[in-house]
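Take a look at the structure below.
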Amino acid sequence: DVQIQRGVDPKDTFILESEIGRGKFGTVYRCTEKSTGLSLAAKFIGCPKKEDRRNVEREIEIMKQLQHPRLIQIYDAFENGKVMTVILELIEGGELFERVIDDDFILTEKSCTIFMRQICEGVDFIHKQRILHLDMKPENILCLTKTGNRIKIIDFGLARKFDPDKKLQVLFGTPEFVAPEIVNFDEIGYGTDMWSVGVICYVLLSGLSPFMGHTDVETMANVTIAKYDFDDEAFEEISENAKDFIKKLLIKDMNCRLSAQQCLEHQWLKRKTVLRTPSMDVTKDNLKQFVDRWNEPYVFEICPLGARSNSSESLLGDSPSPCGSLASSLGSMDGSSDSGLLGPPREP
Ligand code: ATP
């Protein structure tokens, strides 16, 4: 059982090596445990404020509850002055999308089902532990190895324990992947993660981002009305089963979306289903552009929107990034008004 070691320098126990990743909150290094020689990953998170420390403690608590092969595993944790360090299992295969755009990787619908099935297995386990991930996006899906097909879900920094009897609202996420109820600051639930799973699946199959507008505001406006289509040529070779899978996730009403378990029972993810296997060349070209765009130095800000209810447990105070300018410029969005905010999706 991992307990946070307070006042202990992780460098006493681990040898730090090269940097292997960087997020909004943490920097991740490869490291070796001195006593065992084990290779691991050390995520350092600067915590100048007590609130930051509380957030990391929550992330650690949640990870401790999530012991599953599809989910990143925690190994140790330290609090040393204003820096917290989480020691994680090392995942060496890099981001899933980087992997699938590799020239050596033959991307087919079949391979997409192999990845989507594992993502759903991971999310199913998370949800069965009554936890919401709330940051499901391609960056947070890593490949275990450079050549195998196994993936793991990482980054529980925004995850929350969920009590279906209590109303929960949050104000964070990444515009392209967040569900309408987040944009609208409505009640969230298990379906909130399932929407993001639907977006990930759409991108994986086409290389296109279903709700992307010219600006974050446009993107979120498209999300709130669940406006997307399969018109692009990238979908020409994609099976009806696959489209049906996405259609049953990208539904505005979160209660009508498939659960992770139902996804695993969907025809498209059944192992027996025979799929055409043309390599998806248009998708691959699109995915290369998608990944390039995500690797640009500017990444979308987390944007709280439409904070108009205060009658429930809100996590406003936990919002990791102080923004709100978009919210005020948008006002109430119900998609019915001709706000001029809606633009053609998918064009960067
Ligand atoms: P975000 O900005 O997405 O909230 P964060 O600051 O919480 O990120 P992580 O997403 O946990 O940080 O990690 C940042 C990056 O480091 C990841 O995108 C990934 O590439 C890499 N990374 C994280 N954990 C591991 C690990 N266990 N093994 C290998 N690489 C990792």
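Indexing begins at 1, ligand by ligand and atom by atom, following the structure's order.
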**Asked** Do E61 and R58 sit within salt-bridge range, that is, some charged N less than 4.0 Å from a carboxylate O?
**Response** no

**Heavy atom of the protein closest to atom 27 (N) of ligand 1 (residue, atom name, distance)** = E89 O, 2.8 Å

**Message:** Can you confirm if the aromatic rings of F97 and F115 lie within a centre distance of less than 6.0 Å?
**Reply:** no

**Asked** How about F211 and W195: are their ring centres within less than 6.0 Å of each other?
**Response** yes

**Prompt:** If we only count N/O pairs under 3.5 Å, is F25 in contact with ligand 1?
**Reply:** yes

**Prompt:** In the protein, which heavy atom is nearest to atom 18 (O) of ligand 1, and how far is it?
**Reply:** E139 O, 3.9 Å

**Request:** Specify the protein heavy atom at minimum distance from atom 20 (O) of ligand 1: its residue, its atom name, and the distance to 0.1 Å.
**Result:** E95 OE2, 4.1 Å

**Message:** Counting neighbours of CD1 on I114 that are heavy atoms of other residues, nucleotides or ligands and sit closer than 6.0 Å, is the number greater than 12?
**Reply:** yes

**Asked** Are more than 12 heavy atoms from other residues, nucleotides or ligands located less than 6.0 Å from atom CZ of R53?
**Response** yes

**Request:** May I ask you to identify, for L158, whether its side chain, its backbone, both or neither come under 4.0 Å of ligand 1 on a heavy-atom basis?
**Result:** neither

**Prompt:** Should the pair K137-D135 be classified as a salt bridge under the 4.0 Å nitrogen-to-oxygen rule?
**Reply:** yes

**Message:** What protein heavy atom lies closest to atom 3 (O) of ligand 1? Include the residue and the distance to one decimal.
**Reply:** D155 OD2, 3.0 Å

**Message:** Holding to side-chain contact (heavy atoms from CB on, under 4.5 Å), I want the full list of residues that pass it with L142, two or more places apart in sequence or in another chain.
**Reply:** I91, E95, I154

**Asked** In terms of atom number and element, which parts of ligand 1 are under 4.0 angstrom from non-hydrogen atoms of I72?
**Response** 27 (N)

**Per atom 17 (C) of ligand 1, closest listed option by heavy atom (I154, V56, V28)** = I154

**Prompt:** Would you say the side-chain atoms of E176 and S209 include a donor-acceptor pair closer than 3.5 Å?
**Reply:** yes

**Message:** Closer than 4.0 angstrom, basic N to acidic O: yes or no for K288 and D103?
**Reply:** yes

**Request:** Can you pull out the closest protein heavy atom to atom 16 (O) of ligand 1? Residue, atom name and distance to 0.1 Å, please.
**Result:** G21 CA, 3.3 Å

**Fill in**
With E57 as partner, the option from K50, K64, R6 fulfilling salt bridge (charged side-chain N to carboxylate O under 4.0 Å, His left out) is R6

**Prompt:** What residue and atom, counting heavy atoms only, is the protein's closest point to atom 11 (O) of ligand 1, and at what distance?
**Reply:** K43 NZ, 2.7 Å

**Asked** Where's the contact between I91 and ligand 1, heavy-atom distance under 4.0 Å: side chain, backbone, both or neither?
**Response** both

**Asked** Can you find an N/O atom of G26 closer than 3.5 Å to an N/O atom of ligand 1?
**Response** yes

**Contact atoms of ligand 1, heavy-atom distance to A41 under 4.0 Å** = 26 (C), 27 (N), 28 (N)

**Asked** So which heavy atom in the protein is nearest atom 15 (C) of ligand 1, and how far is it from that ligand atom?
**Response** R22 N, 3.7 Å

Let me check something: any side-chain donor-acceptor pairs from residues 80-90 under 3.5 Å, sequence neighbours excluded? List them with distances.
{"from": "E89", "atom 1": "OE1", "to": "K152", "atom 2": "NZ", "distance (Å)": "3.4"}
{"from": "E89", "atom 1": "OE2", "to": "Q73", "atom 2": "N", "distance (Å)": "2.8"}
{"from": "E89", "atom 1": "OE2", "to": "K152", "atom 2": "NZ", "distance (Å)": "2.9"}

**Message:** One residue to check: I45. Relative to ligand 1, which of side chain, backbone, both or neither has a non-hydrogen atom less than 4.0 Å away?
**Reply:** neither

**Prompt:** Counting each atom of ligand 1 from 1 as listed, which ones have a heavy atom of I20 under 4.0 Å away?
**Reply:** 29 (C), 30 (N)

**N140 neighbourhood, listing ligand 1 atoms whose heavy-atom distance to it stays under 4.0 Å** = 10 (O)

**Prompt:** When you measure from atom 2 (O) of ligand 1 to every protein heavy atom, which one gives the shortest distance, and what is it?
**Reply:** K24 N, 2.6 Å

